[in-house]
Amino acid sequence: MSKQFASILVAPEDYAEVRALSLPVSLIVASGTPDDVAFNDDGGQALPLDQVALRVIGRLPLSDSGKGHLAKLASLWRSKLDADAPEEIPLEMADTADARAKVLEWLVVQMTKAQQQSAQRSTRFMRELGLLRQQHEEIQASFQNLEQFVYQHGPQHRKLETTLSPVSGQLPITLRNGSRLVQRLPGSSVGLSDIAIQISNETPPSEGVLNVSLLSPDTNETLAIWEVPAARLTQGWLRFSLDRALGPDTISLMLNIAYQGRDTIRLASAVQHPEPRFHPKVDGQPVETLPALQIWRWIAGARAPVPANALIQVGGKNRLRRVERDTLATAISLDTLHDTVPLFQSGDALLVHVLPDQTACGILAGLALPGVRQVFATLLTRHAEAPPVEYQLALLPQDQRPHQPGRLPAFDPALSSGWIRLQPEEEGQAHVLLPESLDRPHDIYLMTRLPRGHSSNHYGWSTFSNICLQF
């Protein structure tokens, strides 16, 4: 206990005499009445009662009036702090040298006792800290296990929260070679997981790259960077994903979009924002209309599978991608090669309705990107009175897609799950386990057929859901 924090309480009339003892502790003077007490340190600085209670280790009266004055403070400690008043230093009337020696002897005993108690507290705190660390590690491990389970098996998807849709007739925002757009993002940063902009170009540029970054002016930190080659700059929404959602601390976010290339890039425009601070700037000049934006969220700081058609951040862990509803809805029918396959009424599955005399097939175009090592899907015929149905999942290079409607290609057995027979309402899975990761984009073929000996497809609501790609 240092001199700064170990203090002795004295009465005003005894202050000069106690100060003359030159004790190795500071003094606190208690003046006034028990109903209106003022505490001051050696320098006259006023001290609150709670700080006095922490510092004072004893009372030192050197006179009868001082002893009576300090004794009256006992009621203050009981009423305000619900504790006993500091101990009175036992000191008989003596000369200055004897008084100092007796006070020092008392201080040595008290400080030794305080040091022993402090050592015991430190030991107890260290033991409790060890238990807290162990519990924290157990909680962290449990959360990571839960996060991993949801990541691998959870049906939940990142949630679309905000959409600033393109406004009809609004001129697009044009980016030329070397142009840069800076946009403050609306809403909170907590849990932000994806951002999308809409490209208005009817045809992608012949060459070039779009650099997109997410940064925080509050921390002057770049949170994510994406690089988009010219071939990906096709008309429609362009989605940028984080492999882990932003954390629980609220920060401002800026989206920075820069283009390097021969042609121009046009970004669809949305509404005009009334607040100037949300106006985007193109090459330093403010623009009244916001770019069309979409913002998704997930559990703050947690991972979720990346959407199959999204761009992953530079350095991100592109391990598992999930085909979400908007991408499922783009599956085309092999029968026409342009009509889409319907979604099941719940919207969470693709309905490849089994046919009586041929194989039904839906195609997810170019969705198996380079680097894929495994593709799997959940299979289910969603009616109790349906016939047995056989399912198959297969991959085919995108450039080998049939040109004639209804013509089923021959699949490499290494890129196919084989036919899997399921009874009505029996859930199953189809897996394509690749010997080597894909080196070019492949289409995903989702097929159903009736087993031999069955001719009726009544209630054959055969569906594919939870389609995932493992990298």
Side-chain angles (χ1 to χ4, degrees), residues 198-204 229-239 307-310 321-345 347-370 372 375-382 389-420 430-432 434 438-450 457 460-469:
Q198 189 170 100
I199 306 295
S200 294
N201 293 48
E202 294 183 0
T203 57
R232 291 291 303 270
L233 299 175
T234 55
Q235 190 173 29
W237 288 104
L238 189 61
R239 183 169 174 176
N309 60 341
R321 287 177 176 256
R322 179 170 288 148
V323 180
E324 297 191 339
R325 175 176 178 170
D326 57 342
T327 306
L328 276 180
T330 65
I332 59 176
S333 172
L334 182 66
D335 282 345
T336 61
L337 291 181
H338 60 79
D339 291 337
T340 56
V341 178
L343 295 176
F344 190 66
Q345 58 189 10
D348 64 344
L350 199 63
L351 178 59
V352 185
H353 200 295
V354 66
L355 299 175
D357 53 359
Q358 67 183 80
T359 299
C361 181
I363 305 172
L364 290 169
L367 209 57
L369 300 174
V372 169
V375 181
F376 60 91
T378 299
L379 320 171
L380 180 62
T381 306
R382 305 193 180 204
V389 176
E390 293 183 345
Y391 295 81
Q392 182 171 228
L393 183 68
L395 306 180
L396 189 72
Q398 192 174 13
D399 55 11
Q400 296 180 22
R401 187 184 307 161
H403 298 291
Q404 297 181 4
R407 183 174 180 180
L408 195 67
F411 298 106
D412 184 344
L415 301 180
S416 171
S417 67
W419 288 102
I420 300 169
H431 292 261
V432 178
L434 304 174
L438 298 181
D439 59 356
R440 51 180 169 160
H442 282 57
D443 295 335
I444 301 176
Y445 288 74
L446 311 166
M447 295 165 279
T448 62
R449 72 182 184 186
L450 289 173
N457 70 336
W461 300 344
S462 41
T463 63
F464 292 81
S465 64
N466 193 32
I467 303 172
C468 295
L469 301 97

| request: With side chain to side chain contact (heavy atoms under 4.5 Å, CB included) as the test, would you mind laying out the steps for Thr330 and Thr340 before giving the verdict? | output: CA-CA 6 Å; Thr330 65; Thr340 56; 5.8 Å; no

| query | So, do Phe344 and Ser465 sit near enough that their side-chain heavy atoms are less than 4.5 Å apart? | reply | no

| Point-to-point distance, once rounded to the nearest 0.5 Å, from CG of Leu328 to CG of Leu351 | 11.5 Å

| task | Determine yes or no for a side-chain-to-main-chain donor-acceptor pair under 3.5 angstrom, with Arg239 supplying the side chain and Ala310 the backbone. | result | no

| Heavy-atom donor-acceptor pair, Thr463 side chain to Leu380 backbone, under 3.5 Å | yes

| message | If we ignore hydrogens and angles and just use 3.5 Å, is the side chain of Tyr391 paired with the main-chain N or O of Thr381 as donor and acceptor? | response | yes

| field | Gap separating the CG atom of Leu379 from the OG1 atom of Thr448, nearest 0.5 angstrom | value | 10.5 Å

| said: Could you walk me through whether Leu395 and Asp412 satisfy the side chain to side chain contact (heavy atoms under 4.5 Å, CB included) test, starting with their C-alpha distance in whole Å, then the side-chain angles of each, then the deciding distance to 0.1 Å, before giving a yes or no? | reply: CA-CA 8 Å; Leu395 306 180; Asp412 184 344; over 6 Å; no

| Separation of Asp326 CG from Leu343 CG (nearest 0.5 Å) | 10.0 Å

| said: For Ser462 versus Val354, what's the shortest heavy-atom pair and its separation? | reply: OG-N, 3.1 Å

| Of the non-hydrogen atoms in Arg440 and Asp399, which two are nearest, and what is the gap between them? | NH1-OD2, 3.2 Å

| task | Please confirm whether the backbone N or O of Asn466 pairs with a side-chain atom of Thr378, one donor and one acceptor, at under 3.5 Å? | result | no

| query | Can you name the closest pair of heavy atoms from Met447 and Thr359 and give their distance? | reply | CB-CG2, 3.9 Å

| Does Asp339 offer a backbone N or O that forms a donor-acceptor pair with the side chain of Ser333 under 3.5 Å? | no

| message | Counting only heavy atoms from other residues, nucleotides and ligands, does the tally under 6.0 Å from CD of Gln400 exceed 12? | response | yes

| message | I'd like to check the salt bridge (Lys or Arg N to Asp or Glu O under 4.0 Å) partners of Arg401; sequence neighbours left out, ordered by chain and number. | response | Asp443

| query | CG of Leu396 to CZ of Phe411: how many Å apart, nearest 0.5 Å? | reply | 6.0 Å

| Would Leu408 and Leu334 satisfy side chain to side chain contact (heavy atoms under 4.5 Å, CB included), going step by step from the backbone distance to the final call? | CA-CA 8 Å; Leu408 195 67; Leu334 182 66; 3.5 Å; yes

| Which distance, rounded to the nearest 0.5 Å, do you find between the CD1 of Ile467 and the OG1 of Thr327? | 10.0 Å

| field | Nearest heavy-atom neighbours spanning Leu393 and Ala430 | value | CD2-O, 3.7 Å

| query | Stepwise, does the side chain to side chain contact (heavy atoms under 4.5 Å, CB included) test hold for His442 with Val375? | reply | CA-CA 11 Å; His442 282 57; Val375 181; over 6 Å; no

| note | Rounding to 0.5 Å, atoms CD (Gln358) and CG (Leu450) come to a distance of 10.5 Å

| note | Heavy-atom closest pair (Val341 atom, Leu350 atom, distance to 0.1 Å) is O-CD1, 3.8 Å

| query | Would you say the side chain of Leu438 lies within less than 4.5 Å of the side chain of Leu369, judging by non-hydrogen atoms? | reply | no

| message | Check whether Arg321 reaches the backbone of Pro307 with its side chain - one donor and one acceptor, N or O, closer than 3.5 Å. | response | yes

| Whether Phe376 and His431 hold their rings parallel, tilted or perpendicular, with breakpoints at 30° and 60° | parallel

| query | How close do Leu355 and Asn457 get, heavy atom to heavy atom, and via which atoms? | reply | CA-ND2, 3.9 Å

